[in-house]
Protein chains: 2
Amino acid sequence: MTEQCSHSNIASCTLPSSEQVARLIDQATELCDKRNLRFTRLRRQVLELVCKADQPVGAYHLLDELRESGRSAAPPTVYRALDFLLEQGLVHRLATNNTYLACAHPQQPHAAIFLVCSQCGHTQEVHTGGVIDQLRRQAEQFDFAIEHASVELTGLCSRCRQ
Amino acid sequence: MTEQCSHSNIASCTLPSSEQVARLIDQATELCDKRNLRFTRLRRQVLELVCKADQPVGAYHLLDELRESGRSAAPPTVYRALDFLLEQGLVHRLATNNTYLACAHPQQPHAAIFLVCSQCGHTQEVHTGGVIDQLRRQAEQFDFAIEHASVELTGLCSRCRQ
DNA sequence: AAAATAATGTTATATTATAACATAACAAAC
DNA sequence: GTTTGTTATGTTATAATATAACATTATTTT
């Protein structure tokens, strides 16, 4: 991700080039090391597949790719790896279309907003501190403690609007 | 829904009493009439079931209830009715847990935010013009035209926090 | 090395949703 | 009021997404 990503007030994150995939893997390795967790071959492989995809991918698509790579794999194989990556904040799950995508900023935990194009599927991770903070304040007015915010905006991306 | 609902700047909507269910059905009848759509027995029955539930319900739960009521029903029966009700803005779908709940304000189309308790499942529809407007503005900065906003906040409700 | 823990393999199955085609109900036109 | 077209529903099958449960392997700790 993080092509032109400024991580200032508002940041948008486009898709990863191959060197950036390597960097994300490096970051994940470091991060797991720091947390004393095992970044196994399977977990690395699944993260690579998610990173390399140019769009959010479904679990069974990842399963196919694992199998094509010669590995013996069944649904739990991929779901367990995804669960691990989700817990560590290395990937996000989009509830509106049951897909997974690599997190652009695994270092600092953050709540993100996703712009999902309903036509081409292109998905952008956007960071706008303001919105999430406002949501948190609103929730607090109802004495509600947010554990996870799922904010997914479906619509037409700039390319598909033309 | 709409127990203590002010529909002012911020409005919260609690669960419906039985008279309120009747009112929602009346509103739906009117609305479909106005739009020249058929509010059939099946559609009415499904909306009633969704309204009466004290929490968002799954499609297969509705299916069971339809069958218990004596009606012959299969998955498409309930999904088709739900699709109709969704299109008309009479129910909402929660993507994070694949459930459906009655819309508190079918009259005026609106984007809502949902507070979903991860412990008891209680779900609150909250209307805060501000947040949705802000989301729309943010999206516009990326030349993105929102068609649908799914904003689902998972966490602990006030009762479960204690 | 043995024991304990964590990860993966494997089989089966649960849960959610849709495709495809047949029939029935309804509305419009004649 | 019957024919015709359209919309809704019935019905069967199956797709797509996800998890349970238990066996095996790998890794870490003792």
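Bear in mind that the values here come from a model prediction, so they are computed numbers and not experimental data. Proteins get letters first, then strands, A, B, ... in listed order; numbering begins at 1 in each.
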I would like to know whether A:R137 and A:Q141 meet side chain to side chain contact (heavy atoms under 4.5 Å, CB included); could you show each step before the answer?
-> CA-CA 7 Å; A:R137 281 195 299 275; A:Q141 296 194 15; 5.7 Å; no
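- Of all heavy-atom pairs between B:A111 and B:H127, the closest is O-ND1, 4.2 Å.
- Taking atom CD on B:E87 and atom P on D:dT7, their separation rounds to 13 Å, with Å as the unit.
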Could you go through the side chain to side chain contact (heavy atoms under 4.5 Å, CB included) check for B:R71 and B:L42 one step at a time?
-> CA-CA 9 Å; B:R71 175 185 268 278; B:L42 172 64; 3.8 Å; yes
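- Here the side chains of B:F39 and B:L47 are in contact, with some heavy-atom distance below 4.5 Å.
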Between the protein and nucleotides 2-7 of chain C, which nitrogen or oxygen pairs come in under 3.5 angstrom?
from  : atom 1 : to    : atom 2 : distance (Å)
C:dA6 : O4'    : A:R38 : NH2    : 3.2
C:dA7 : OP1    : A:R43 : NH1    : 3.3

Apply side chain to side chain contact (heavy atoms under 4.5 Å, CB included) to A:C103 and A:E125, showing your working.
-> CA-CA 8 Å; A:C103 173; A:E125 179 178 344; 4.2 Å; yes
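- Atom CG of B:L63 and atom P of C:dT18 are 14 Å apart (whole Å).
- D:dA15 atom P lies 21 Å from atom CG of A:N97, rounded to whole Å.
- The two atoms that bring A:T99 and A:G58 nearest to each other are CG2-N, 4.1 Å, heavy atoms only.
- Nucleotide D:dT7 holds its P atom 14 Å from the CD atom of B:Q88, rounded to whole Å.
- When the C1' atom of C:dT15 is taken as reference, atom OH of B:Y100 falls 12 Å away, rounded to whole Å.
- The nearest whole Å value for the distance from the CG atom in A:L62 to the P atom in C:dT8 is 15 Å.
- Residue A:Y100 comes nearest to A:V50 through the heavy atom pair O-CG1, 4.1 Å, listed as atom of the first residue, atom of the second, then distance.
- Atom CG of B:N36 is separated from atom P of C:dA27 by 10 Å (rounded to the nearest Å).
- Scanning residues 72-82 of chain A for heavy-atom distances under 4.0 Å to DNA chain D yields A:P75, A:P76, A:Y79, A:R80.
- Here the OG1-CG distance, from B:T29 to B:L24, works out to 10.5 Å after rounding to the nearest 0.5 Å.
- One can find a donor-acceptor pair under 3.5 Å joining the base of C:dA17 and the side-chain atoms of B:Y60.
- When the side-chain nitrogen and oxygen atoms of A:N98 are compared with OP1 and OP2 of D:dA18, one or more of them lie within a distance under 4.0 Å.
- With rounding to whole Å, A:R41 atom CZ is found 14 Å from D:dT25 atom C1'.
- Atom CZ of B:R161 sits in a crowded spot, with more than 12 heavy atoms from other residues, nucleotides or ligands closer than 6.0 Å.
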